[in-house]
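In what follows, a structure is listed as structure tokens, so that the remarks can point back to it.
In the text below, chain A, chain B and the rest are named by the order of the sequence lines, each starting its count at 1. Nothing here was measured: the structure is a model prediction, and the numbers come from that model.
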Protein chains: 2
Amino acid sequence: MAEVTLKDVARASGCSVATVSRVLAGTRPVGAETARTVREAAARLGYRPNQVARALRSRSTGTVGLVLPQITNPFFPSLVRELEHALHAEGRAVLLADCDDDPLTEAARIGALLDRQIDALLLIPADEHHSRDAVLEAAARVPLVLLDRGCGPGVADSVAVDNAAGMALVLDHLAATGRRRPCFIGAAGTASTAVERRAAYETGAAAFGPQAPGRTELGDFSVAWGRAAVDRLWPARPDAVVCANDLIAVGALQRLRQLGADVPGEVAVTGFDDIPLAGLADPALTTVRQPVPELAAEATRLLTHRPAGFASRRAVRLTPELVVRASSAEGAR
Amino acid sequence: MAEVTLKDVARASGCSVATVSRVLAGTRPVGAETARTVREAAARLGYRPNQVARALRSRSTGTVGLVLPQITNPFFPSLVRELEHALHAEGRAVLLADCDDDPLTEAARIGALLDRQIDALLLIPADEHHSRDAVLEAAARVPLVLLDRGCGPGVADSVAVDNAAGMALVLDHLAATGRRRPCFIGAAGTASTAVERRAAYETGAAAFGPQAPGRTELGDFSVAWGRAAVDRLWPARPDAVVCANDLIAVGALQRLRQLGADVPGEVAVTGFDDIPLAGLADPALTTVRQPVPELAAEATRLLTHRPAGFASRRAVRLTPELVVRASSAEGAR
DNA sequence: AAATTCCCGGAGAACGTTTTCCCGGGGTAG
DNA sequence: CTACCCCGGGAAAACGTTCTCCGGGAATTT
């Protein structure tokens, strides 16, 4: 029933499978009259090409793999959405894999996708170091683009936000609005976002004066950690708490309010990423917006337009944007 | 290089492709000695079976489609995660499609996935009515399980939470904690979750007395709508605001606080779904937790164990759980 | 008018598996 | 000793495409 094949169309239109294939794929010019009959027969029978057979023959599945650390990380869904739309628009389908932040699972998933003959792989690596081998291996087989996070230099093409620039935006803003004693709540992991944001904070914070900056605490990218870190930092009474991402900032915000601190009057709080939650926090969170649609567009562009015989790796950095909200308001002081 | 095929292994191990296939797939018993040599050769060459070829021949891709309305809806990521894990655990891969809440896009995506010869389809329908045709068509081709939302009776197997039971839990809890004048902020759409929760509220609210319940307002499943609805309902001073999902509840919570209302002292607020945001709201949101892991497990079970020649559709309803948090606390009154 | 090119169409190989069918040898039963 | 059967193994068909090669007729060139 739903098993209409090229052969059926050929029989119905009185010509060979080769011709039918040519008409439908537009591979080679074919007589106007025959083309018409073929197209009509195909429509009448409701022919849909079997993509698996097509893939086997043409060595291209029209499928790209997307491997990410944790779909439940609120930054990823919008990215996945943009990627899905961009890829489906070109007729490619997305094989999704969630590796649960575990490099071993990640490697297994990558393997599974490669076995399925994906044309290309989009990967948000779980760990800067431990993902490296799997990435190298995969990059040798298919076009691969690293997204959001890096994985050592020159491993593969990559697209990410300029974390240093983003952190600079935050620090400039805080300085401009009169904050003098910032501190930092970061993530200890080796994920490149953690490392870069941490480093950028250290660099930028120096401008506040030699010993102005308070301590920096390192944990993970979670709300719980944000809460916990505040307990350690608040006694020193910083006037700004810079967080490595929005989840941490939300936690910090919560705990500060519990402790009776006045945000933003007494202390400003900033995040990073601009996840949906950021705008909903109270007070709304000042943060750095990642250009998600641009990240997705650039990633798919890198996948598709890969210059032949172009060995060198491309690393695209997109500039983020500062989103100032209530949590760092000046007027309230 | 990465192109090791069965033929290569056969040549390396000195036997035929048929034998190699049999050894590796374990299809048929084969001599112990030959099996050893074959396995060894395969390992040495690093043979990985080409799943596309396998799929073409065996008419099974080991791939299931997952189509959902909006991956950015915060309820879905955890569901996707569970499904991905369950399916990958059985060696199946997931083709993901996001239809942007649009039934037309949904139909197109379903078609694209079917062309790729998915073995089965998991679908969270975008709309109860407008998704129906596409669902019926798809269900005729592959095993299909509807998730979270329905699509008319008897269309396909389905797994969802018992919305009526969940709403009853909320209303019982409110009644038990002394609330007398509830009102409802729901969604107007025809998504089955919207319909069922709305109906369940109407039924349950009757127990509060003939004219006790305040108005019910219908919009969409969004934070913005929650805020807007409060402006309409608050003048009537309900002592409980029951919301059709957590997003609405978060919006309501925000607006109520802006208006100076005391939550939960003056008015309780409840949500539905228990998305991560619910626990982070201030005050933390009382809500109904959907049993996400169970939903996923049940869905994959229905996909795999489908009784041969079992025509009737199965509709599984899972019981939700009430999560009482600060937004409906009694002590605070 | 003959030769060359061009165009349209078909036959069939190929992609990498799985699976059917067949065959030879050794064991057991008659 | 013959008949049968089982077991391990190979040859080759099949899955549904795409694409190469080839041929025949018309059109163009010389």
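B/Glu137 CD: 12 or fewer foreign heavy atoms inside a 6.0 Å radius.
Put simply, CZ on B/Arg59 is 18 Å from P on C/dT17, counting in whole angstrom units. Look at CG on B/Asn50: it is 19 Å from P on D/dC15, rounded to the nearest Å. Across the protein-nucleic acid pair, B/Arg22 atom CZ and D/dC7 atom C1' stand 11 Å apart, rounded to whole Å. As rounded to whole Å, 11 Å separates atom P of C/dC15 from atom CG of B/Asp8. Atom CD in A/Glu33 sits about 10 Å away from atom P in C/dG9, given to the nearest Å. Straight-line distance from the CZ atom of B/Arg11 to the P atom of C/dG16: 12 Å, rounded to whole Å. B/Lys7 places its NZ atom 15 Å from the C1' atom of C/dT18, with the value rounded to the nearest Å. With rounding to whole Å, B/Leu24 atom CG is found 9 Å from C/dT17 atom P.
A salt bridge links A/Arg36 with A/Glu33: the closest approach of a Lys/Arg side-chain nitrogen to an acidic carboxylate oxygen falls below 4.0 angstrom. Salt-bridge formation is not detected for the pair A/Arg81/A/Glu84: no Lys NZ or Arg NE/NH1/NH2 atom is positioned less than 4.0 Å from an Asp or Glu carboxylate oxygen. Using a 4.0 Å cut-off between a side-chain N of Lys or Arg and a carboxylate O of Asp or Glu, A/Asp98 and A/Arg109 do not qualify as a salt bridge.
If you check C/dC15, D/dG9, C/dT17 against the side chain of B/Ala53, the one that comes closest is C/dT17. Across D/dA12, D/dG9, C/dC15, the shortest atom-to-atom separation from the side chain of B/Thr19 is found for D/dG9. Closest approach to the A/Cys15 side chain among C/dC15, C/dG10, D/dA11 is made by C/dG10 (side chain taken as heavy atoms from C-beta onward). Considering only the side chain of B/Leu56, C/dG16 comes nearest among C/dG16, C/dT18, D/dC19. Checking C/dT19, C/dC21, C/dC15 against every side-chain atom of B/Ala18, the shortest atom distance belongs to C/dT19. Residue A/Val30 has its side chain nearest to C/dG9 when only C/dG9, D/dT18, C/dT18 are considered. Looking at the side chain of B/Ser16, the nearest of the listed nucleotides D/dG9, D/dG10, D/dG16 is D/dG10. Relative to the side chain of B/Ser58, the nucleotides C/dC15, C/dT18, D/dG9 differ in distance, and C/dT18 lies closest. For A/Pro29, the listed nucleotide lying nearest its side chain is C/dC8; candidates were C/dT17, C/dC8, C/dA14. The A/Thr5 side chain lies nearest to D/dG16 when the options are D/dG10, C/dT17, D/dG16.
Both B/Gly31 and A/Ala25 lie near DNA chain D, and the one whose nearest nucleotide falls closer to the 5' end is B/Gly31.
Between B/Arg54 and C/dT18 there is a side-chain N or O to OP1 or OP2 distance below 4.0 Å. Within the 4.0 Å cut-off from OP1 or OP2 of C/dC8, not a single side-chain nitrogen or oxygen of A/Thr34 is found.
Taking 3.5 Å as the limit, the base of C/dT17 and the side chain of B/Arg57 contain no donor-acceptor pair of atoms between them.
Side-chain contact between A/Leu96 and B/Val80 is present, with heavy atoms from C-beta onward closer than 4.5 Å. A 4.5 Å side-chain heavy-atom check between A/Tyr47 and A/Leu6 finds at least one atom pair inside the cut-off.
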